[in-house]
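Following: one structure in structure tokens, then a few remarks.
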Amino acid sequence: MPEKPRVYVTRRIPEIGITLLREHFDVRVWDSDDVVPREILLEELKEADGVLALLTERFDGPTMDAAPKLKVIANMAVGFDNIDVAAATERGIVVCNTPGVLTDTTADFAWTLLMAAARRVVEGYKYVQEGKWKTWGPLLLLGQDVHHATLGLIGLGRIGSAVAQRAKGFSMRVLYYDAIRRQDLEQSLGIEYAPLEQVLREADFISLHVPLTPETRHLINAERLRIMKKTAVLVNTARGPVVDQKALYEALRDGVIWAAALDVTDPEPIPMDDPLLKLDNCLIVPHIASASFKTRDAMAALAARNIIAVLSGQQPETPVNPEVWERRRK
Ligand code: DGY
């Protein structure tokens, strides 16, 4: 019997992904909740035909060169800034991601952060826990109204659009900026396009939904933070480096903006001595926007199906560099 192709899974993931892969392949798993050590990853890649990877593993040219048999990297994430796609394309490796299946869950969570920061939920929780709640207070933990406020979206892909859709329920005005204007969506979502600076100037809440690229690194910097309202709340469920974190710290400390809520930081995890952790007006959670039971199952299953497709000569559902698969097919 010919040997089954080898697939390496770089972390413990929802069982459905492993089960699907085991039906076809010889599957090896880094069976841990911690990041796979680099030397183990490199060792495993020597024999791998496919890898189910996470955003915590860097796949650059030299990593791929350590994987002579590798045909597919299936990232269990919609973002793929951890992978050098050009290097993969050059080497004939198909890269896949998991768009679509996490859109609504991530949009829900952007709203969770927005509302929590606006209405100081975590501060209120701590206040109670610390035994400070003595009476109802007319001036206690006042926050920002969400209803009828202006929401500014930076990036109008799937997730940005789903965030916009939810704003209707709060009777908000929604402004968006994207490198590509989406006139087709403006009417149905009830949103207005505006240049970046105008969105930053007019929005009460700014939510980031751009991928991390050289162009979006530090898109939110000191200068742009100064354009925002003093009462503004910044929400980041995109990627940490989209925000210049030192500039954000200074802006929050000095009252340049009112609050921030971050699902993502730069680096991750955020070091425990980072000054942002000392600020009451900065809410930070550990990159969990897509972390619902159903969505993580769907992400694991999609990543597994992408590997199965590529290794059996079929078109993967969600390739990032489809030209590699096309080339291989000819
Ligand atoms: C992604 O998919 O890129 C998220 O950051 C994790 O779900």
Side-chain angles (χ1 to χ4, degrees), residues 9-17 30 33-36 51-60 72-85 88 94-114 153-163 166 178 207-220 234-243 245 260-270 283-307 316-321:
V9 180
T10 63
R11 192 81 61 86
R12 202 176 279 157
I13 61 165
E15 198 46 46
I16 185 170
W30 175 247
D33 294 325
D34 295 328
V35 178
V36 57
V51 60
L52 192 153
L54 306 184
L55 49 83
T56 44
E57 286 101 40
R58 185 170 34 85
F59 278 86
D60 51 16
V72 54
I73 304 170
N75 226 28
M76 193 182 129
V78 65
F80 48 85
D81 46 280
N82 57 313
I83 302 172
D84 183 339
V85 178
V94 181
V95 176
C96 301
N97 64 342
T98 59
V101 294
L102 48 74
T103 302
D104 285 312
T105 300
T106 305
D108 285 351
F109 198 75
W111 272 96
T112 306
L113 289 181
L114 187 156
L153 297 170
I154 313 297
L156 196 77
R158 293 181 188 81
I159 299 171
S161 303
V163 171
R166 285 154 175 73
D178 195 297
S207 191
L208 305 177
H209 300 287
V210 289
L212 177 62
T213 64
E215 292 72 38
T216 62
R217 182 173 291 274
H218 287 193
L219 182 76
I220 302 299
L234 177 70
V235 177
N236 190 5
T237 52
R239 283 292 182 266
V242 174
V243 176
Q245 213 157 273
L262 311 176
D263 180 46
V264 287
T265 60
D266 180 21
E268 290 183 8
I270 189 166
L283 167 55
I284 305 181
V285 294
H287 204 151
I288 52 172
S290 67
S292 75
F293 292 107
K294 281 189 185 163
T295 290
R296 287 290 163 84
D297 276 357
M299 291 164 71
L302 176 53
R305 291 199 305 275
N306 277 328
I307 294 179
E317 288 171 52
T318 50
V320 169
N321 54 354

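One-based numbering along the sequence shown. Numbering of ligands and ligand atoms starts at 1, following listing order.
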Q: Check the pair Leu113, Asn236 against side chain to side chain contact (heavy atoms under 4.5 Å, CB included), reporting the backbone distance first and the verdict last.
A: CA-CA 9 Å; Leu113 289 181; Asn236 190 5; over 6 Å; no
Q.
Would you say Thr56 and Arg11 are linked by a side-chain donor-acceptor pair, where the criterion is simply a distance under 3.5 Å?
A. yes
Q. Quick one: does Asn75's side chain get under 4.5 Å of Val95's, heavy atoms only?
A. no
Q: Return a yes/no value for Arg239: is any of its N or O atoms, backbone included, closer than 3.5 angstrom to an N or O of ligand 1?
A: yes
Q. What atoms in ligand 1 come closer than 4.0 Å to a heavy atom of Ser290?
A. 6 (C), 7 (O)
Q | Distance filter under 4.0 Å to Leu55 heavy atoms, resulting ligand 1 atoms | A | 5 (O), 6 (C)
Q.
Go through it in stages, so that I can follow the logic: the residues are Thr98 and Thr318, the test is side chain to side chain contact (heavy atoms under 4.5 Å, CB included), and I'd like the CA-CA distance, side-chain angles, deciding distance and then a yes or no.
A. CA-CA 7 Å; Thr98 59; Thr318 50; 5.6 Å; no
Q: Would you kindly specify which portion of Leu102 sits under 4.0 Å from ligand 1, judged on non-hydrogen atoms: side chain, backbone, both or neither?
A: side chain
(Q) Could you tell me if the side chain of Phe109 sits less than 4.5 Å from the side chain of Thr112, heavy atoms only? (A) yes
Q. With a cut-off of 4.0 Å, which atoms of ligand 1 are near a heavy atom of Ala77?
A. 1 (C), 2 (O), 3 (O)
Q: Give the atoms of ligand 1, by number and element, whose distance to some non-hydrogen atom of Met299 is under 4.0 Å.
A: 7 (O)
Q) Any side-chain heavy atom of Leu212 within less than 4.5 Å of one from Val242? A) yes
Q: I would like to know whether Asp104 and Arg166 meet side chain to side chain contact (heavy atoms under 4.5 Å, CB included); could you show each step before the answer?
A: CA-CA 10 Å; Asp104 285 312; Arg166 285 154 175 73; 3.0 Å; yes
Q: Below 4.0 angstrom from a heavy atom of His287, which ligand 1 atoms are there? Numbered from 1 as shown, please.
A: 4 (C), 5 (O), 6 (C)
Q. Would you say Met76 contacts ligand 1, with heavy atoms under 4.0 Å as the rule?
A. no
(Q) Among all the protein's non-hydrogen atoms, which is closest to atom 2 (O) of ligand 1, and how far away is it? (A) Val78 N, 2.7 Å
